[in-house]
Every structure is written in structure tokens, then in C-alpha cells.
Amino acid sequence: MSDAIIQTDHSLSTILDNLSTAVILLNDDLNIQFINPACENLFQISFKRAYHKNLDDIFYINDQFNLRLKHSLETEHPFAEHEITIDSLFSGKLTVNYTVTPLLHTGSKSYLLIEFTHLDRHLRITREEKLINEQNATKNLIRGMAHEIKNPLGGLRGAAQLLERELPDKNLKEYTQIIIGEADRLQNLVDRMLGPKIVPQKQDINIHQVLEHVRQLVLAECSEGIHFNLDYDPSLPYFSADPDLLIQAVLNITRNAIAALDNNGEITFKTRPVRHFTIGHKHHRLVLQIDIMDNGHGIDDELIEQIFYPMVTGRADGTGLGLSIAQSLINQHDGLIECISQPGNTIFTIYLPLELNDA
Ligand SMILES: Nc1ncnc2c1ncn2[C@@H]1O[C@H](COP(=O)(O)OP(=O)(O)O)[C@@H](O)[C@H]1O
Ligand SMILES: [Mg+2]
């Protein structure tokens with residue numbers, strides 16, 4: 001039969017199954033004979049549905065594409081293109097590199113193998129790596145500075161106390177008190193810049209407990225003009241995490257959303273599972289996605305690149321620590337925070353790995 005190449009060659013289909021690049025096998029009528037799981041994922045179509053279909057039923061590249069495929073079959077010449085935009089029927093616009101390879105005849109049949117490398121995914125991982133590296137670099141800088149400030153600060157405070165005891169005039173105490181008070185304030189700030197040193201106390205939790213806890217907390221503090229929408233996926237499993245740290249992270253993000261809403265607007269909490277997701281260099285089979293969305297004024301393009309850095313704030317009364325602390329708490333759970341924003345729609349997304357025993 002036409003799919004003999006797959007049926008007769010088990011090792012070939014095993015190899016294709018395990019490739020992380022998306023692969024499509026076509027017969028000489030350009031009907032789909034096989035797609036591998038990476039390809040099912042890329043185009044959001046199952047092998048069953050794709051089988052015997054034409055490529056047009058799955059995606060469109062350009063008008064010449066089918067002609068080039070035919071030509072490649074006839075001449076047995078492979079071809080390739082880079083950074084091509086594909087309109088996929090089920091997964092939208094994708095940027096890919098692809099190569100087309102005519103396969104040697106088996107009997108009288110010839111086949112074409114198309115291999116896709118999904119570039120958006122590469123770009124995303126590179127961007128993520130850059131983000132994590134930058135955050136680590138800044139964090140180290142801040143930590144170093146905070147330590148340098150802490151030591152002289154202790155000396156300053158101690159000296160002010162000694163001086164206070166020796167003062168001949170009690171009225172002058174007012175000034176030493178200012179020194180001590182300000183040293184304490186700086187000390188407090190530096191401690192917060194150094195971030196929580198807490199070791200996570202992990203237990204089996206459900207993410208919705210965390211979100212509900214935060215919602216109750218902020219409902220008590222915010223005005224009645226703010227409404228919460230909940231879009232929870234109840235099938236999400238329990239996972240191992242420190243509930244207090246996650247509450248703090250979600251709270252920091254949610255408080256920013258409330259500040260952006262100016263007493264009037266909507267906040268949405270949404271949870272979903274995501275399969276096959278890479279955070280940094282690590283691939284996870286299952287990841288939890290938490291979206292915290294608001295319809296407030298949004299974040300300016302210049303600011304958004306920096307909001308996770310400590311001391312970056314867009315508010316006169318802000319400390320700029322909320323998001324950098326949230327980021328560090330999520331990092332302690334091997335997770336990631338991302339943000340996209342436009343006026344009327346700001347989304348902070350937290351990803352947390354769900355594998356319980358991931359070595
Ligand atoms: N949901 C949001 N909508 C609009 N701006 C936001 C939002 N979340 C964060 N921001 C911006 O990011 C800045 C940094 O936030 P954060 O680190 O929590 O520090 P702070 O809240 O003390 O300013 C905020 O000052 C604000 O300008
Ligand atoms: Mg904040």
C-alpha cells in the first residue's frame with residue numbers, strides 16, 4: 001500500500017516519532033502519509049486527521065510551494081528555505097525553516113520528507129535565557145551593593161548611639177535619633193533588596209488555594225469598583241511548592257494590577273496546564289500556567305523591559321521591589337514570570353513545573 005514505507009520500516013517510524021523537529025511524509029500525489037508527534041504539536045492536528053489529506057488542508061506557505069514539491073520529486077533534488085512564514089489553519093502564523101528531501105524509491109513509489117524547525121520557539125527560548133541571565137546579573141549586583149551598604153550602616157548606627165550617650169545637651173538627641181532612624185530605614189530597605197532568604201518549605205498544594213487566598217486578601221483592601229473573574233482549570237493536579245512564597249509572588253503581581261486599575265476595573269485569574277514546555281534549558285512534560293490579567297492602563301514599552309529589575313518603579317510611591325521579589329520567589333520554584341501589556345490588557349504569566357519527582 002501507499003504507506004508501506006512506514007509500515008515496513010518500524011525503525012524509521014520510531015526515529016520520526018522521537019525527533020523534536022516536525023516531519024511530514026508525502027507520497028507522489030502529495031498526500032500526507034505520516035506526520036510525527038512534533039508535527040502534530042506544531043500544526044495542532046492529529047496524525048489521524050492529517051492522514052491522506054493535502055498540505056492545503058493544514059497550512060499555506062506560498063503559491064509556488066506545491067509546484068516546487070512536484071519538481072523536487074521529479075528531479076530528486078532537495079530544497080530548503082529559511083525564515084518562512086506559514087499560515088497554519090489550526091495554529092496561526094508560524095515562522096519556520098524547512099527542508100524538503102525526496103526519498104529513494106521503494107518499489108515504484110517515491111516520497112517526500114518535509115522537515116520543519118520552528119523558529120518562534122527558538123526565539124522564545126533565547127529571549128527567556130537572556131531574561132534569566134540579565135536578572136541574575138542584576139540580582140548579583142544588587143546583592144553585592146546591599147552587602148557593602150549594610151556594614152558601614154551598622155557602624156554608623158552604633159556610633160550615633162555612643163554619641164547620644166555622651167551628649168551634654170538632651171535637645172541634641174533629636175539629631176542622633178534622626179541618624180538612628182534613617183539607618184534603620186536603610187537597613188530595612190537593604191534587607192528587602194537582598195530578598196527573602198527563606199528556604200522554601202514545600203508541601204503538596206493546589207494552585208487554586210493560593211489564588212483564592214490572594215483574592216480574599218486583596219478584596220479586603222481594594223475598593224468595590226474592582227471585580228475578579230476566575231477561570232480555573234479544576235483538573236490541575238496538586239504539586240510540590242511553598243504556599244506562602246507563592247502567595248507572596250501572586251500578591252505582589254495582583255497589587256500592581258489593582259494599582260493600575262485606579263479603583264475601577266477587572267482582574268482575571270486563569271489557570272491552565274501546558275504540555276512540553278521549556279523553562280531556561282530545562283524541558284518539562286507538564287507545566288502550570290497562571291495568568292493574572294487586568295484591564296488597567298498597561299505598562300509603557302520603555303518600562304516593560306525593566307520591570308523585573310529591583311528598584312524599577314513607574315509610581316511616585318513605589319519601591320520597585322514587588323516584581324523582583326515575585327521573580328525570585330518563582331525562580332525558587334524553577335518557574336518563570338513573563339509579562340505582556342497594552343493599554344487595557346496587561347497579562348502576567350507564571351509558569352511552574354508540575355512534575356513531582358523531576359530529577
Ligand atoms: N499590572 C500592571 N499594570 C501597569 N503597570 C504595572 C503593572 N504591574 C507592574 N507595573 C509597573 O511595574 C512597576 C514595578 O512594579 P513593582 O516591582 O511591583 O514595584 P512598585 O509596585 O513598588 O512600583 C510598577 O511601578 C508599575 O509601573
Ligand atoms: Mg508593586
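On a predicted model such as this, the values are computed, not experimentally measured, just so you know. Whatever order the structure lists ligands and atoms in, that order sets their numbers, starting from 1.
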Review point. Does the pair Asn41 and Arg275 meet the rule for a side-chain hydrogen bond (donor to acceptor under 3.5 Å, both in side chains), with working shown?
Key: CA-CA 10 Å; Asn41 231 340; Arg275 273 166 221 295; over 6 Å; no
Exercise for review: Say whether Asp291 and Thr349, considering side chains only, have a donor N or O and an acceptor N or O under 3.5 Å apart.
Suggested key: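 Result is yes, a qualifying pair exists.
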Review point. Side chains of Gln248 and Asp244: is there a donor and an acceptor less than 3.5 Å apart?
Key: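 Result is no, nothing qualifies.
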Review point. Going by the angle between their ring planes, with limits at 30° and 60°, are Phe308 and Phe348 parallel, tilted or perpendicular?
Key: perpendicular
Using a 4.0 Å cut-off to any heavy atom of [X], which atoms of ligand 1 qualify?
{"X": "Gly298", "value": "4 (C), 5 (N)"}
{"X": "Asp294", "value": "1 (N), 2 (C)"}
{"X": "Ala260", "value": "2 (C), 3 (N), 4 (C)"}
{"X": "Ala257", "value": "1 (N)"}

Taking N or O atoms only and a 3.5 Å limit, does [X] qualify as a polar contact for ligand 1?
{"X": "Leu303", "value": "no"}
{"X": "Ile299", "value": "no"}
{"X": "Thr313", "value": "yes"}

Tell me which protein heavy atom sits closest to [atom], plus the residue, atom name and distance to 0.1 Å.
{"atom": "atom 12 (O) of ligand 1", "result": "Ile307 CG2, 3.3 Å"}
{"atom": "atom 19 (O) of ligand 1", "result": "Gly320 CA, 3.1 Å"}
{"atom": "atom 17 (O) of ligand 1", "result": "Leu323 N, 2.8 Å"}
{"atom": "atom 21 (O) of ligand 1", "result": "Arg315 NH2, 2.3 Å"}

Check your understanding: Can you tell which part of Thr319 has a heavy atom less than 4.0 Å from ligand 1: side chain, backbone, both or neither?
Key -> both
Check your understanding: With backbone taken as N, CA, C and O and side chain as the heavy atoms from C-beta onward, which portion of Leu321 lies under 4.0 Å from ligand 1: side chain, backbone, both, or neither?
Key ->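 It is the backbone that gets close, since no side chain atom is under 4.0 Å.
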Is ligand 1 less than 4.0 angstrom away from at least one heavy atom of [X]?
{"X": "Asn252", "value": "no"}
{"X": "His297", "value": "yes"}
{"X": "Gly296", "value": "no"}
{"X": "Phe348", "value": "yes"}

Closest approach of [X] to [Y] (non-hydrogen atoms, all atoms of both residues):
{"X": "Ala160", "Y": "Ile179", "result": "CB-CG2, 3.7 Å"}
{"X": "Glu221", "Y": "Leu217", "result": "CG-O, 3.1 Å"}
{"X": "Leu103", "Y": "Leu25", "result": "CD1-CD1, 3.6 Å"}
{"X": "Ala22", "Y": "Cys39", "result": "CB-CA, 3.4 Å"}
{"X": "Phe47", "Y": "Glu40", "result": "N-OE2, 2.7 Å"}

Of the listed options [options], closest to [atom] (non-hydrogen atoms):
{"atom": "atom 9 (C) of ligand 1", "options": "Asp317, Ile267, Asn256", "result": "Asn256"}
{"atom": "atom 14 (C) of ligand 1", "options": "Ile304, Val312, Asn295", "result": "Val312"}
{"atom": "atom 24 (C) of ligand 1", "options": "Gly318, Ala259, Gly314, Ser341", "result": "Gly314"}

Review point. Between Phe34 and Tyr111, is the ring centre distance below 6.0 Å?
Key: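 No; Tyr111 has its ring centre 6.0 Å or more from that of Phe34.
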**Study point:** CD1-OG1 distance between Ile347 and Thr268, expressed to the nearest 0.5 angstrom
**Key:**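 Rounded to the nearest 0.5 Å, the CD1-OG1 separation comes out at 9.0 Å.
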**Study point:** Tyr98, Phe90, Phe116 screened by ring-ring contact (aromatic ring centres under 6.0 Å, His included) with Phe59, the one that passes
**Key:**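 Filter result, single survivor: Phe116.
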Exercise for review: Verify the distance test for Thr319 against the Mg ion (ligand 2): any N/O/S atom under 2.8 Å, yes or no.
Suggested key: no
Review point. So, does Asp300 use its side chain to make a donor-acceptor pair with the main chain of Glu302 at under 3.5 Å?
Key: no
